[in-house]
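Treat the numbers as computed from the prediction; the structure is a model and nothing was measured. Note on naming: letters A, B, ... go to the chains in the order of the sequence lines (proteins, then strands), and numbering restarts at 1 for each one.
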Amino acid sequence: MSRLAIPISRQILWATGDVKLWADIVLLVRDGSGRYIDQVFRVDSGTEITTFPAYEAQQLGLVVPVRPAPVQHEPTGLEVRSGMLRFRIDGMDQTEYVVACLLLGDPNAPPSPHASAGTVPRKLLQPLALLEKLRFTMEKVPAGPPYGELVVEKN
Amino acid sequence: MPFSPIKHAAPSLQGKSPEELPHGLIAPPAEVRALLERERTQHPAEVFAKAELGVLNLWTISYYFDGLGQEVLYRETPQGPEVLAVGSDEVLALRQQIGLDERRDLKTYLGY
């Protein structure tokens, strides 16, 4: 299948009553042994670069550089390593995509439960890196999902 | 209708390790059910009917886990979400145990 429609999720921000909207996509990430493990990413053009927790990359057997880059990830203050993700998109055809990503945090320890929400390494997919092969559109049609949908199609 | 800020469960769960966070079947709190009824009036009945189960379960999960930064794997049920795994270690272990087709019946909440 070369088209995937992802319903947009909506949630009340409990403390203020504001509304959060997002779309998550299931990627089948190829691990170090060649198996595909499903991982949910938030589609986020604002992230500029796809991000993934270094600890989970290590658990999946992905290539994780031993030494972090000599900079910190500014939004979170976490250490940074450059990595690559190879994946298929669950619900679409077998095409494998490759994107560069930042591996965030300590690869040898899960994030502390005491870490503030803003400093937790996130799974964010930068869709603009895939525009050569995929088209991303957002729409809301009367009989469709109540908050609209993100449509992913092969070019 | 104006919204009154709601004291939800997540702040009291901040700092707990994944294994200390709620697991199993979680009944939707009254606040979630009230919001759901309000939301129902905002959409055509047939459109909302298709989404209602997902909204009830997602909002219940977010009531307990929003902002904790812990990934949650859960199964949607009419009685509320059944939490199967919390945190990256539990979630990855469960994903490696069960087949992809079964995993497709589960939902993931990223916790942010």
Does any heavy atom of chain A fall under 4.5 Å from the side chain of [X], the backbone, both, or neither of them?
X: Leu21(B); value: neither
X: Val55(B); value: side chain
X: Tyr112(B); value: both
X: Lys16(B); value: backbone

Rounded to the nearest 0.5 Å, what separation is found between the [atom1] atom of [X] and the [atom2] atom of [Y]?
X: Asp89(B); Y: Tyr55(A); atom1: CG; atom2: OH; result: 3.0 Å
X: Gln39(A); Y: Leu110(B); atom1: CD; atom2: CG; result: 9.5 Å
X: Leu100(B); Y: Asp90(A); atom1: CG; atom2: CG; result: 5.5 Å

Does any non-hydrogen side-chain atom of Ile12(A) lie less than 4.5 Å from one of Tyr63(B)?
no
Best-contacting candidate, [options], against chain A by heavy atom pairs under 4.5 angstrom:
options: Ser62(B), Gly67(B), Pro18(B); result: Ser62(B)
options: Gly15(B), Gly69(B), Gly87(B), Pro44(B); result: Gly15(B)
options: Gln14(B), Glu20(B), Glu39(B); result: Glu39(B)
options: Gln96(B), Glu71(B), Arg104(B); result: Arg104(B)

Count the heavy atoms of every other residue, nucleotide or ligand shown that sit under 6.0 Å from [atom1] of [X], and state whether that count exceeds 12.
X: Glu37(B); atom1: CD; result: yes
X: Glu48(A); atom1: CD; result: no
X: Glu132(A); atom1: CD; result: no

Hphob cluster co-occupancy, [X] + [Y], side-chain heavy atoms under 4.5 angstrom:
X: Met138(A); Y: Leu130(A); answer: yes
X: Phe87(A); Y: Phe136(A); answer: yes
X: Leu85(A); Y: Val152(A); answer: yes
X: Phe65(B); Y: Val91(B); answer: no
X: Leu58(B); Y: Leu21(A); answer: yes

Could you tell me whether Asp66(B) and Lys20(A) make a salt bridge, using a distance below 4.0 angstrom between a side-chain N and a carboxylate O?
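Yes, charged N to carboxylate O under 4.0 Å.
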What is the minimum heavy-atom distance between Pro145(A) and Val47(B), and which atoms define it?
C-CG1, 4.4 Å
Looking only at heavy atoms, which two atoms of Ala143(A) and Lys50(B) are closest? And how far apart?
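Here Ala143(A) and Lys50(B) meet closest at O-NZ, 4.0 Å.
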Against chain B, work out which of Asp24(A), Val26(A), Val40(A), Val120(A) has the most heavy-atom pairs shorter than 4.5 Å and name it.
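Max contact count across the listed options: Val40(A).
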Look at Arg122(A), His114(A), Gln59(A), Lys123(A) and state which one has the largest set of heavy-atom pairs under 4.5 Å with chain B.
Arg122(A)
With a 4.5 angstrom heavy-atom cut-off, is it the side chain or the backbone of [X] that approaches chain B, or both, or neither?
X: Tyr147(A); result: side chain
X: Pro142(A); result: backbone
X: Arg35(A); result: side chain

Working for side-chain contact (heavy atoms from CB on, under 4.5 Å), residues Thr108(B) and Phe41(A)
CA-CA 10 Å; Thr108(B) 298; Phe41(A) 283 71; over 6 Å; no
Donor-acceptor pair, Arg95(B) side chain versus Asp38(A) backbone, under 3.5 Å?
yes
